[in-house]
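These notes concern the structure reproduced below.
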There are 2 protein chains.
Amino acid sequence: MRTLPHPATEAVRLDTVLAALADPLRRRIVRQLSEGDEAQACGAFDLPVTKSTSTHHFRVLREAGVITQHYRGNKILNQLRADDLETRFPGLLQAILAAEQVTVVPTHRG
Amino acid sequence: MRTLPHPATEAVRLDTVLAALADPLRRRIVRQLSEGDEAQACGAFDLPVTKSTSTHHFRVLREAGVITQHYRGNKILNQLRADDLETRFPGLLQAILAAEQVTVVPTHRG
DNA sequence: AAAGTTGTACGACGCGCTTCGTAGTACGAC
DNA sequence: GTCGTACTACGAAGCGCGTCGTACAACTTT
């Protein structure tokens, strides 16, 4: 069984997490993971980039400690490390996810 | 009186804010602003870069909507837009500031 | 076994960001 | 007015990040 390295919860660094979440495509992945509570394979994400690039972004998220990746037969199941992140950086993930929601409201007089 | 352009609270974008706060030097500025509640001139920050670079980072923070900059005689007074950010992205700034605190605690059994 | 599916590894390219140095502007002090 | 201070503007250099293409590996299906 192939396995992939994940940082321990205590080893997750704010620098890395913020850098990871600064990318819109990676936030899109995180968002989709946060919506469905089931683990999702990489192919379940309809991203406007090639598979190579997709792989790269998933790796960045995993190495930052934002998601877990586990081989399941042919595929890789991705899961948000919501609890770990909440433990390490309370409120951070929820604030970012909530913020993205509100961003869709640019309707403004004028 | 010289003035500097600031984005309206509703125009502040999550993308830009996260990108701005992904830089350690800029978080350092934000942190220092959040600690002293008085407005601080650029020169009050002891940053390990030249003044040109310093100017650049302050500009990025201002254009992202994270700080305000107002000329006061010779200097520029910088202030954190904590309330505006709280309005637009509730909990985001506090979570990041709190997270930075916790990062300094890598003490871990083992 | 052969073919299809799912995702990785590696090298390359382009762009943007951080950094710097120099020159310049606005303001205060004298 | 002249000098010093505080910061900006602009151009240049370095390099890291996102992107891609091709080649490859592991597993499933037939």
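Chain naming here is simple, since letters A, B, ... match the order of the sequence lines and numbering starts at 1 in each. Side-chain atoms are counted along with the backbone in the values below, which use heavy atoms only and exclude waters and symmetry mates.
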Rounded off to whole Å, could you give me the NZ-to-C1' distance for the K75(B) and dT8(D) pair? 17 Å
Contact list for DNA chain D against residues 43-68 of chain A - heavy-atom distance below 4.0 Å: V49(A), T50(A), S52(A), T53(A), H56(A), H57(A)
Donor-acceptor pair, distance only, cut-off 3.5 Å: does the side chain of R62(B) make one with the backbone of P5(B)? yes
Whole-Å gap separating C1' (dG16(C)) and CG (D15(B)): 15 Å
To the nearest angstrom, how far is L77(A) atom CG from dA26(D) atom C1'? 15 Å
Respond yes when some side-chain nitrogen or oxygen of R26(B) is under 4.0 Å from OP1 or OP2 of dT18(C), and no when none is. yes
Spacing of OG belonging to S34(A) relative to CD belonging to Q94(A), to within rounding of 0.5 Å: 9.5 Å
Base-pairing assignment for dT19(C) (Watson-Crick or G-U wobble, both under 3.5 Å): dA12(D)
Whole angstroms only, please: what is the CZ-C1' distance between R2(B) and dT25(C)? 7 Å
Measuring only between side-chain heavy atoms, which start at C-beta, is H56(A) closer than 4.5 Å to V49(A)? no
I'd like to know if N74(A) reaches the base of dT28(D) with its side chain such that a donor and an acceptor end up less than 3.5 angstrom apart. no
Do other residues, nucleotides or ligands put more than 12 heavy atoms under 6.0 Å from the CD atom of E35(A)? yes
Euclidean distance, atom CD1 of residue I76(B) to atom P of dA26(C) [Å, nearest integer]: 13 Å
Could you state the atom-to-atom distance from CZ of R72(A) to P of dG7(C) in whole Å? 14 Å
So, does E86(A) use its side chain to make a donor-acceptor pair with the main chain of G91(A) at under 3.5 Å? yes
Distance in angstrom units between Y71(B) OH and dT5(D) P, rounded: 19 Å
Rounded to whole Å, the CG-P distance (L4(B) to dT8(D)) equals 7 Å
In the structure I gave you, are the side-chain heavy atoms of E63(B) and T16(B) within less than 4.5 Å of one another anywhere? no
